[in-house]
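All figures in this text were calculated on a predicted structure; none of them were measured in a lab.
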2 protein chains.
Amino acid sequence: MYINTITQMEVRRKMTSRIPKIVIIGAGYGGIVTAINLQKKLNSNEADVVLINKHDYHYITTQLHMPAAGTDHVDNSRVAISKLIDEFKVDFVKASVTELRPQEKSVVLDDGRTISYDYLVVGLGGEPETFGIPGLKENSLSIRSINSVRLIREHIEYQFAQYKLNQERKELLTIVVGGAGFTGVEFLGELVNRVPELCRMFDVDPSLVRIINVEAAPTMLPGFDPELVEYGMRLLEEKGVTFKIGVAIKECTTEGVLIAGDEFIKAGTVVWTGGIRGNHLLEEAGFETARGRIKVDPYLKAPGHDNIFIIGDCSLVINPEGRPYPPTAQIATQQGENCAYNLVATIRNKELKEFQYINRGTVASLGKKDAIGVVGSKKIKGSFASFMKRVIEWRYLYTIGGIPLVLKKGIFTK
Amino acid sequence: MYINTITQMEVRRKMTSRIPKIVIIGAGYGGIVTAINLQKKLNSNEADVVLINKHDYHYITTQLHMPAAGTDHVDNSRVAISKLIDEFKVDFVKASVTELRPQEKSVVLDDGRTISYDYLVVGLGGEPETFGIPGLKENSLSIRSINSVRLIREHIEYQFAQYKLNQERKELLTIVVGGAGFTGVEFLGELVNRVPELCRMFDVDPSLVRIINVEAAPTMLPGFDPELVEYGMRLLEEKGVTFKIGVAIKECTTEGVLIAGDEFIKAGTVVWTGGIRGNHLLEEAGFETARGRIKVDPYLKAPGHDNIFIIGDCSLVINPEGRPYPPTAQIATQQGENCAYNLVATIRNKELKEFQYINRGTVASLGKKDAIGVVGSKKIKGSFASFMKRVIEWRYLYTIGGIPLVLKKGIFTK
């Protein structure tokens, strides 16, 4: 009798007053965490939640340097969205967003559909920032998605295979990595581990393979502890990386890169990891952006748009010292949690919570059993740091998929 | 005392009268079988035997369609020459021959050395014959060596990886195989088995992949039993191959192939299996050749050169009906045996033996568990034919490497 009454009330409510519709675009760190938190916190009559993503899987961007180098299978860096989302609570739409229409409260999809919303969460992720360097966009590869890293692995193998039939073209065995930020350094760490295997696969003399890092900033991992940077650089150098630090790439062609000092490095492969900007759709929709990113208010909303939340690589959050936080998985995940909280609060007419970034530590891997990092105020390096890197991964996997996901993706696959 | 006398005699003989030097160039079917037979039959004081080959391994050409398609590891199609040759009996030199100098009884190597000989065995193998079709040599891949098939596998995978980032370019998923002879058909059989795996690897819809065979002759496998040809074609068609039989390729570009009727087939991959000619070094050395092949005398000697034997794809042997035997592994192997016999006979001043080709049966595989063939006067097809194909492989492995090689390469690897 009691249950019956509730049900009838709900039905009436759904029929008479439309419930709000939350549309989340992008299922990266920010988007998927928002969706998972909403499905936990919201009752089914409180809101309709729609998650729109280009692929039917979520990928773990912080692991992509491994399948890119070919040291791990690409499937270990992704999870089917159907495993993370309760389809009774969240509608999943597999499509690319091609346009944002904030005035009309809608987004346009590549299949021609228009999806309207009451609240929008933009978690579209970043794009490579090539700073206008001529030819870089056209002639370099980037570590940004499952498809893009699969291409890097195949591209490198294809260069090795071609070399065997054109042995005067030694440049086919040269790999230039542009940028020595997190992604660049972690990719270098995997590459030096992969080279021996590549040489065995293709009967190539390892001494012919060159891995060159070109970074315009005066140091590898700018902003990181100098002692740890020194440790990491030495380790990578010992394993065969040549560093050109404080050297800018001036141009990229199909043959290689021209660097400051007018040296041309012939290379079969150029991977650009030197910059991330926000998604181009934001600028196109008329938002005010800095390198494609929107400086959000304390509640992660786009200025002047009370119903639009911006999280992840598309958002710009200023730290207490007045500088922007770098775009990381860690901040995106925390933004997802905060965004979901604020959406629930909005719907329930409760008070919103300001976003506070908590630095839970930063670890950069340097290949299979080495890493450098800062956790709390402690500097760590070596195999312990490498272990901590995995703990951070496991924590994330646990957050989105519980223990089953940790067991499936986090342990047995390494 | 007796042994001592023998040894002293040998030493004296070696010192006083120079023993003849046999140089074998190429360690394909013909060359390796010649070398193995010579090391079995010759006493150490009878001749010096030198085997020269570009690679330090012998490869099993009749299996290369598998690593080319990616259905088997390339290492299963090769054997280290050191495992086949007794280094106390045969000197192995890893080098490419760049010139033959029959007048001076020597060959020139790519490292600049000149090697002189008393007897020369030419087993340099074939080269793709492109019949002057414009662009075919430059823009197609061929199944002719470990390196070339590794490139085919990597090329196809690279096209699939590129497609995922350029999904309007569906032609990246099209593979054109030119030629429906033995190699072409066996490659098609493996390709159709590989496609499902490729589609899983790259998340590609299998219905988008096109495999097109273009053959100028009026039938697949010209000269083969028509009933078996019909069976094979139907089977491959069912698995997704489109046949264009009786259709010539007019031109090959980086974009695909132009075929008779002025149809242009856009394709990311073009593999040419449509013809084999002899090695270009023979023509360059002044030998009279037909498509690079020398019509040998009944003892496999080059006309007018009593000390030069030509075997394998470089030789032309006319059958009793007056037509040339097609160049196969089977004939090359038998030529190697005959050539070794005749070299030993020459050195011992015995009578030479005319070369007689014995057709031990011909089987063309159609993928993992199917094949068509004629053994004796019996037509075979299906899994029994596929088994017979393997028996033929095992027999060859046994001939060159005994039971250990059969166990290593022939059984556990499939």
(request) Step through the shown structure and confirm whether more than 12 heavy atoms of other residues, nucleotides or ligands are within 6.0 Å of NZ on A/K170. (result) yes
(message) With rounding to the nearest 0.5 angstrom, report the CD1 to CZ distance, B/I146 to A/F202.
(response) 12.5 Å
(request) Look at atom NZ of A/K266 and say whether more than 12 heavy atoms of other residues, nucleotides or ligands are closer to it than 6.0 Å. (result) no
(message) Rounded at 0.5 Å granularity, tell me how far CG in A/D203 sits from CG in B/D56.
(response) 8.0 Å
(request) Provide the closest heavy-atom pair for B/L165 versus A/S148 in the form atom of the first, atom of the second, distance. (result) CD1-CA, 3.9 Å
(message) Taking CD in B/E87 as the centre, count heavy atoms belonging to other residues, nucleotides or ligands within less than 6.0 Å. Is the count above 12?
(response) no
(request) Please determine, among B/M201, B/H73, B/K164, the option with the most heavy-atom pairs under 4.5 Å with chain A. (result) B/K164
(message) Between B/R150 (side chain only) and A/F160 (backbone N and O only), is there a donor and an acceptor less than 3.5 Å apart?
(response) no
(message) I'd like to verify something: which residue of B/Q162, B/R78, B/H55 has the highest number of heavy-atom pairs under 4.5 Å with chain A?
(response) B/R78
(request) Any chance you could measure B/Y163, atom OH, to A/N147, atom CG, to the nearest 0.5 Å? (result) 10.0 Å
